Amino acid sequence: MAFQSLPGFRDFFPAEHAARRHIQSAWRGTAERYAFEEYDGPPLEPLELYIEKSGQEIVDQLYAFEDKGGRQVALRPEMTPTLARMVGEHGRALPKPIRWFSMPQLFRYERAQRGRLREHFQWNVDVIGEPDITADVEVLSVALDGLTALGLGPADVVARVNDRRLLESLLLGAGVPRDRLGGAYAAIDKMSREDAERTKQRLREDAGLGPDVVDAVLALFAEDLAGLRSIHGGDAAVAAEVDRLESYFTLLDEMGWSRHVEFDPRIVRGLAYYTGTVFEIFDRKGELRAICGGGRYDDLLSAVSDLQLPAVGFGMGDVVLGELLRERGLLPTSAPSPDYYVVTITEGERPLLRRLARALRGEGRSVSYTLRQVGVGKQFKDANARGASEVIVLGPDEVTAGVAVVRTMKDGTERRVELTELGA
RNA sequence: GUGGGCGUAGCUCAGUCGGUUAGAGCGCCAGGUUGUGGCCCUGGAGGUCGCCGGUUCAAUUCCGGUCGCUCACCCCA
């Protein structure tokens with residue numbers, strides 16, 4: 001009886017692990033170029049941390065159980081509550097704004113399907129302690145540069161952005177009662193995936209809006225930012241929010257992202273704690289689920305700690321992103337190959353092989369060889385199979401002369417190199 | 001949770017209108033090749049044909065169930 005991995009969980013064989021590492025290296029490198037610091041927290045947290053902080057959707061899909069001490073615990077389904085807790089603990093002592101990132105493995109209990117597993121790695125980047133829109137810009141810029149580092153440009157991906165404060169002012173202006181906003185958000189969030197009739201139905205039945213209010217709400221989504229200003233600009237609350245979003249776009253443009261970002265009032269995000277700007281990044285063809293989602297959550301820290309700090313951040317998962325990159329041929333398909341492969345003609349050169357290999361490794365080069373002395377042809381076959389760039393041949397003749405033959409595998413050229421030059 | 005598709009070698013898949021010993025390509029191992037890889041040639045290992053039951057002289061094949069994978073729906077980090 002052979003074992004299998006659990007449904008929705010992945011094995012990372014060397015080729016797949018190389019792909020994962022490629023993605024994570026790009027994430028880490030990008031975050032560090034933006035001078036963000038890496039942190040991590042426990043994969044297991046008190047269940048309570050997620051109840052009513054993350055939204056019902058996430059709570060329903062928690063990997064939760066009771067531990068041997070009788071505690072209700074959950075595998076983390078997202079990183080933000082952990083981040084909020086950690087910042088709440090030591091945030092007072094940290095210079096503001098806090099610029100942190102993490103690449104946690106997250107879990108959720110749900111039927112696995114394309115682009116959606118029970119486990120994934122998610123790049124989280126957050127700016128905490130800065131209410132200004134410049135922080136929102138910084139965060140979205142990191143996300144887009146992460147994708148850029150992986151070879152995805154404006155022809156491949158697009159960030160659709162919105163602001164819940166704008167949406168709120170528009171909905172209130174359209175006659176939606178304040179206590180029905182949540183239901184309206186849920187219906188709007190689904191708009192781009194459903195037909196107009198279904199949306200209407202949701203606004204009426206789920207959000208409990210009257211027919212004229214529903215029509216007023218639907219009319220909002222026919223407009224771009226300028227249209228919203230000219231029609232609803234008389235509403236001071238709307239005008240202020242349009243101003244803010246416009247400056248958001250201006251700053252993004254200054255950073256060079258004008259071709260990557262679009263206004264989309266239907267972007268709401270499912271999570272309960274977003275309070276301001278929200279965005280999602282999609283593949284341009286619209287074939288896949290969202291690659292990345294984020295936004296501003298100014299009240300979450302006060303909900304899980306006694307600190308009150310505004311915050312903005314995003315999460316980008318490796319699953320959908322990996323699918324897109326694989327489609328575009330932007331992922332490595334094999335593990336890294338050795339720089340050198342050492343071949344010995346006879347057993348007599350093995351002591352030299354061991355010394356030479358260690359010396360080269362001491363200089364940071366990767367070195368492989370057959371562990372036992374076998375035929376020279378076999379050693380070369382193995383060097384080839386493992387993709388070695390260069391083979392160092394040690395034979396009695398060369399060793400006597402204090403040299404080695406170095407063969408470049410891709411074109412078969414050989415040259416003689418002094419052993420001392422190789423570090424042996 | 002609902003519905004569809006698929007389970008044959010490590011991988012991708014043929015095949016069997018029910019019949020003796022189940023195949024290919026790739027991969028792996030060995031040899032051709034004891035001072036030179038890729039290409040080529042030869043040989044080899046590797047299968048309870050997902051599992052359980054039924055029908056039958058005979059089931060990998062037909063039927064029922066079950067488990068698993070997968071896609072879609074629901075929902076959405």
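This one's a predicted model, so the numbers in the text were calculated from it and none came from an experiment. Chain identifiers are assigned alphabetically (A, B, ...) following the order of the sequence lines, protein sequences preceding nucleic acid strands; residue numbering begins at 1 within each chain.
Across B:rA72 and B:rG15, the matching P atoms stand 27 Å from one another, rounded to whole Å. Taking atom P in both B:rU55 and B:rG68, the straight-line distance is 27 Å, to the nearest Å. Separating the P atom of B:rC28 from that of B:rG3 is a span of 44 Å, rounded to the nearest Å. Rounded to whole Å, the C1' atom of B:rA9 lies 11 Å from the corresponding atom of B:rA22.
Base contact: A:Gly115 has a heavy atom under 4.0 Å from a base atom. When heavy atoms are screened at a 4.0 angstrom cut-off, A:Arg198 is found touching no nucleic acid atom at all. Contact annotation for A:Leu117: base contact, defined as any heavy-atom pair under 4.0 Å involving a base atom. Across all strands shown, A:Glu110 has heavy atoms under 4.0 Å from base atoms, whether or not it also approaches the sugar-phosphate.
Cation-pi check for A:Arg296 over A:Tyr274 is not met; the charged atom does not lie both under 6.0 angstrom from the ring centroid and within 45 degrees of its normal.
Salt bridge annotation for A:Glu280-A:Arg160: absent, with no cationic side-chain nitrogen under 4.0 angstrom from a carboxylate oxygen. A salt bridge between A:Glu37 and A:Arg99 is absent, with no side-chain N of the basic residue lying under 4.0 Å from a carboxylate O of the acidic one.
With rounding to whole Å, A:Asp189 atom CG is found 13 Å from B:rA77 atom C1'. Distance CD1 (A:Ile267) to C1' (B:rC76): 13 Å, rounded to an integer number of Å. Between the CZ atom of A:Arg118 and the P atom of B:rU70 there is a distance of 11 Å, given to the nearest Å. Rounded to whole Å, the distance from CG on A:Leu6 to P on B:rG68 is 11 Å.
Counting only residues at least two apart or on different chains, the salt bridge (charged side-chain N to carboxylate O under 4.0 Å, His left out) pairs with a member in residues 12-33 of chain A are A:Arg28-A:Glu38.
No donor-acceptor pair under 3.5 Å is formed between the side chain of A:Glu363 and the backbone N or O of A:Arg365.
In this model, a side-chain donor or acceptor of A:Arg116 finds a partner on the base of B:rC75 within 3.5 Å.
Residues A:Tyr369 and A:Asp382 have side chains that never bring a donor and an acceptor to within less than 3.5 angstrom of each other.
For an aromatic pair to be called close, the ring centres must be under 6.0 Å apart, and A:Phe314 with A:Trp123 satisfies this.
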Base-contact (B) and sugar-phosphate-only (S) positions in nucleotides 30-37 of chain B, heavy-atom cut-off under 4.0 Å, - elsewhere: SS---BBB

